[in-house]
Amino acid sequence: MGKGQRSQAASSHRAAELLSSSGGAGFVGFQTLGPSGLAAAGALDETEGMSGEMRMVVGRLRKKDSVTKLKSLQELQGLLPTCEEADIRALLVHWPRIFGRLSIDVDRRVRETTHATMAALATRAGRLLGTNIKELIGTWLSGQYDPAHAVAQQCHTALSATFPGDKMNRVLAVCRDEIIAFAKQSILHATPQSFSENPSIAEDPLNLSDKYDRAVSAAIRVLGDLLAGLPADEALVADTEEIFAPTGVWRLLKHESGAIRGSVYSLCAVAASRADFAASLPAKTIATALFTNGLAEKDPVALRSVIAAVSAATAANPSLWTVLSTRKALLPSLVALLRDGGRACAEALFSSLATWVASMPVALYGEGPGFFDSMLSALWQGLPAIRADRGALTALHACYARLVTMVRDRPSASAIAGPAVAQLLATVLSQPHQLRVYPQAALQALLVETVTSGHADTLFQVINRAVVQDGQGLGFVDSTACDTLSSCLTACVVAAGPNLQSPSTTTTIAVTELVRVALMAAKSPASVPKEASANAVATSSADTSSPAPAPA
């Protein structure tokens, strides 16, 4: 480890050690913003107590020009390693205010450089940082959720270096009250105008709205991190009661920002996963947020958070599925989402769907095949929306196969397994150019599931229509697609062979023969005897009362 690395590690250790003994000044955060915040800050001398060059550099950080801010931040980083301790102490007095302002600047470069400067200051300040950490922590943690990846990464790197290992959990515990105050200020009281640096001067409403969306969304995520990192505590529930009141965070589910709504869904999942909060929050409130509002989301940013939140919340508390009416609330929202192909979140949705269904109480399905029929049909209807997305197709096939397996294992619904698979395969095979991009392993898994579940006859009928009937179809149009199907079917016969009953074995041999004929036709139409496909069809309809030989 180099000298610089040892110095940084030692500084980080000393800063963390001081957390438990530091009384700290009060939380600053968004309280510095708005008419009584930044306006008042404008009347303050943010360079008081600093000397010479540092006073000049810090003074330029109040300029509106982004280039000036960037150069000044870079100059400040250069000054920090060699400046006097008196200057560090003076800077720390004003830094929470400066940091809070620059960390939500409209210019991504300014925000990124601000967090780089925060890292340099933490390294140089060492033990001195402990006296100000409670003022800084809310803003600092928020930077991890900046929508600009470079900014979030810079902030995360700085925090990890300053508080490595389990020291971050100590920070959360020691700064618990300040983080809650930070969240309350943003969720309950902040408005876009709160982020105006000078209310007497008109500022672009779009810039104010952008600042508000980023800051509030990040503050909600920070609160979620706090809840996830602390043990069950009735006092914590009481201290956040105002946030989780009907007029608190839930009202933001109607906000126009997808990032803010997504943060609320994530917070909802964390709360639902904690026994202390799950006991105090109405289950209907959580279920309505996730299933009624969440599954109806159109914004991909928010919907990705919904999918993760539903997975986490229902894994911790499966009874959430039964809180709302299945027919009136849950199933319509879920079916609509599937019909829309996952609304730009297809891979994440299809990767989670089968797990959701598996976690649902059996009573939710009701009698008969209605629930599964609706789900499988909706998956099939959403197929056109994702045909160009290979990852989504892979996830859809894996999900479809798992659902068909669940259907097969439930006597009340097993009758729809064959038609469900046939419907999907018919759609795939009717579009040769689509079969080329289908993941071969996923298609093979689906074919194996079809044969082993006793629906080989259905499979034969579908492929017969797609490949041979009327001289049209897959093999006569697209040899690449035919190669894919042939490979899948060959593997299907090998994998499923030991489990096949005699009719299925004969049928599968006939299907393989159909594909062989089609492939020959695609590569050299003149070399295929006209009676070849007829022979394959005849094979499938032959007497199967005795076991057929296993295919070579």
Quiz item: Hey, mind stepping through Asp233 and Arg176 against side-chain contact (heavy atoms from CB on, under 4.5 Å) and telling me if it holds?
Solution: CA-CA 12 Å; Asp233 181 3; Arg176 167 188 178 281; 4.2 Å; yes

Quiz item: What is the ring orientation for Phe195 with Tyr212, classed by angle as parallel under 30°, tilted 30 to 60°, or perpendicular over 60°?
Solution: perpendicular

Quiz item: Ion pair present between Lys211 and Glu203, side-chain N to carboxylate O less than 4.0 angstrom?
Solution: yes

Quiz prompt | Nearest heavy atoms of Leu136 and Pro96, plus distance in Å | solution = CD2-CA, 3.6 Å

Quiz item: Can any side-chain N or O of Thr285 pair as donor or acceptor with the backbone N or O of Leu281 at less than 3.5 Å?
Solution: no

Quiz item: Does the side-chain contact (heavy atoms from CB on, under 4.5 Å) test come out yes or no for Leu236 and Ile180, once each step is laid out?
Solution: CA-CA 9 Å; Leu236 184 60; Ile180 292 174; 3.7 Å; yes

Self-check item: Electrostatic pair Arg274-Asp276, nearest N-O below 4.0 angstrom
Solution: yes

Quiz item: Do Phe350 and Leu393 have side chains that get closer than 4.5 Å, going by heavy atoms?
Solution: no

Quiz item: Are side-chain N/O atoms of Trp321 and Ser359 paired as donor and acceptor at under 3.5 Å?
Solution: yes

Self-check item: Donor + acceptor pair across side chains of Ser305, Arg221 (<3.5 Å)
Solution: yes

Quiz item: How many angstroms lie between atom CD of Glu242 and atom OG1 of Thr247, to the nearest 0.5 angstrom?
Solution: 7.5 Å

Practice problem: Kindly determine whether Leu129 and Thr162 satisfy side-chain contact (heavy atoms from CB on, under 4.5 Å), including the steps that lead there. | Solution: CA-CA 10 Å; Leu129 184 66; Thr162 307; 4.3 Å; yes

Practice problem: Salt-bridge test for Glu85 and Arg89: reply yes if a basic N is under 4.0 Å from a carboxylate O, no otherwise. | Solution: yes

Quiz item: Does Glu48 pair with Arg55 as a salt bridge, N-O distance under 4.0 Å?
Solution: no

Practice problem: Evaluate the side-chain proximity of Arg214 to Ile104: yes if any heavy-atom separation is below 4.5 Å, no if none is. | Solution: yes

Quiz item: Do Leu121 and Trp95 pass the side-chain contact (heavy atoms from CB on, under 4.5 Å) test, and can you show the C-alpha distance, the side-chain angles, and the key distance before you say yes or no?
Solution: CA-CA 10 Å; Leu121 177 58; Trp95 184 248; 3.5 Å; yes

Exercise. State, yes or no, whether a side-chain contact exists between Arg339 and Leu379 at a heavy-atom distance under 4.5 Å.
Key: no

Quiz item: Arg109 and Asp107: salt bridge (Lys or Arg N to Asp or Glu O under 4.0 Å), yes or no, with the steps?
Solution: CA-CA 5 Å; Arg109 299 169 301 167; Asp107 192 314; 2.8 Å; yes

Quiz item: So, for Gly138 and Ser142, which heavy atoms are closest and what is the spacing to 0.1 Å?
Solution: O-OG, 2.9 Å

Self-check item: Glu241, CD: over 12 other non-hydrogen atoms inside 6.0 angstrom
Solution: no

Quiz item: Per the side-chain contact (heavy atoms from CB on, under 4.5 Å) rule, which among Arg261, Arg343, Glu256, Arg304 passes with Asp299?
Solution: Arg261

Exercise. Look at the side chain of Ser266 and the backbone N and O of Gly262, then say whether any donor-acceptor pair between them is shorter than 3.5 Å.
Key: yes

Quiz item: Nearest heavy-atom pair of Met168 and Leu141: which atoms, and what distance?
Solution: SD-CD2, 4.1 Å

Quiz item: Is there a donor-acceptor pair closer than 3.5 Å between any side-chain N or O of Thr47 and the backbone N or O of Met50?
Solution: no

Quiz item: Would Phe277 and Phe244 count as a close aromatic pair, with their ring centres under 6.0 Å?
Solution: yes

Quiz item: Would you say the side chains of Ser311 and Trp356 form a donor-acceptor pair under 3.5 Å?
Solution: yes

Practice problem: Look at the rings of Trp140 and Phe99 and say which category their plane angle falls in: under 30° parallel, 30 to 60° tilted, over 60° perpendicular. | Solution: perpendicular

Exercise. Starting at CG of Asp239, measure out to CD1 of Ile179 and round the result to the nearest 0.5 Å.
Key: 12.5 Å

Quiz item: Backbone N or O of Thr191 within a donor-acceptor pair of the Ser194 side chain at under 3.5 Å?
Solution: yes

Quiz item: Once you round to the nearest 0.5 Å, how far does OG of Ser66 lie from NZ of Lys71?
Solution: 12.5 Å

Quiz item: Looking only at heavy atoms, what is the nearest atom pair of Gly341 and Ala385, with distance?
Solution: CA-CB, 4.1 Å

Quiz item: Between Asp87 and Met54, what is the shortest heavy-atom contact and its length?
Solution: CB-SD, 3.6 Å

Exercise. Could you check if a side-chain atom of Val306 sits within less than 4.5 angstrom of a side-chain atom of Asn293, using non-hydrogen atoms only?
Key: no

Exercise. Kindly indicate whether the side chain of Leu226, heavy atoms from C-beta on, has any atom under 4.5 Å from the side chain of Leu230.
Key: yes

Practice problem: Please examine the side chains of Leu267 and Leu227, heavy atoms only from C-beta on, and report whether any two atoms are closer than 4.5 Å. | Solution: yes

Quiz item: Just wondering, are more than 12 heavy atoms of other shown residues or ligands nearer than 6.0 Å to NE2 in His255?
Solution: yes

Quiz item: Can a salt bridge be assigned to the pair Lys69 and Asp105 using a cut-off of 4.0 Å between side-chain N and carboxylate O?
Solution: yes

Self-check item: Lys/Arg-Asp/Glu bridge criterion (N-O < 4.0 Å) met for Arg62, Glu46
Solution: yes

Practice problem: To the nearest 0.5 Å, tell me how far Leu102 CG sits from Thr117 OG1. | Solution: 8.5 Å

Practice problem: Please check if the side chain of Asp389 supplies one atom and the backbone of Ala392 the other of a donor-acceptor pair under 3.5 Å. | Solution: yes

Practice problem: May I ask you to test the Ile286-Asn317 pair for a side-chain heavy-atom distance under 4.5 Å? | Solution: no

Quiz prompt | Point-to-point distance, once rounded to the nearest 0.5 Å, from CZ of Arg101 to OG1 of Thr114 | solution = 9.5 Å

Practice problem: Taking all non-hydrogen atoms of both residues into account, name the closest pair between Ala312 and Ser273 and its distance. | Solution: O-OG, 3.7 Å

Self-check item: Residues that Arg108 engages under side-chain contact (heavy atoms from CB on, under 4.5 Å), provided they are two or more places apart
Solution: Arg111, Glu112, Ala148, Ala150, Val151

Quiz item: Are the side chain of Arg170 and the backbone N or O of Phe163 linked by a donor-acceptor pair below 3.5 Å?
Solution: no

Practice problem: Indicate whether the side chain of Ser217 and that of Ser263 have a donor and an acceptor atom separated by less than 3.5 Å. | Solution: yes

Self-check item: Close side-chain approach of Trp250 to Thr288, heavy-atom, < 4.5 Å
Solution: no

Exercise. Mind checking the CG-OG spacing from Leu76 to Ser72? Nearest 0.5 Å is all I need.
Key: 8.5 Å

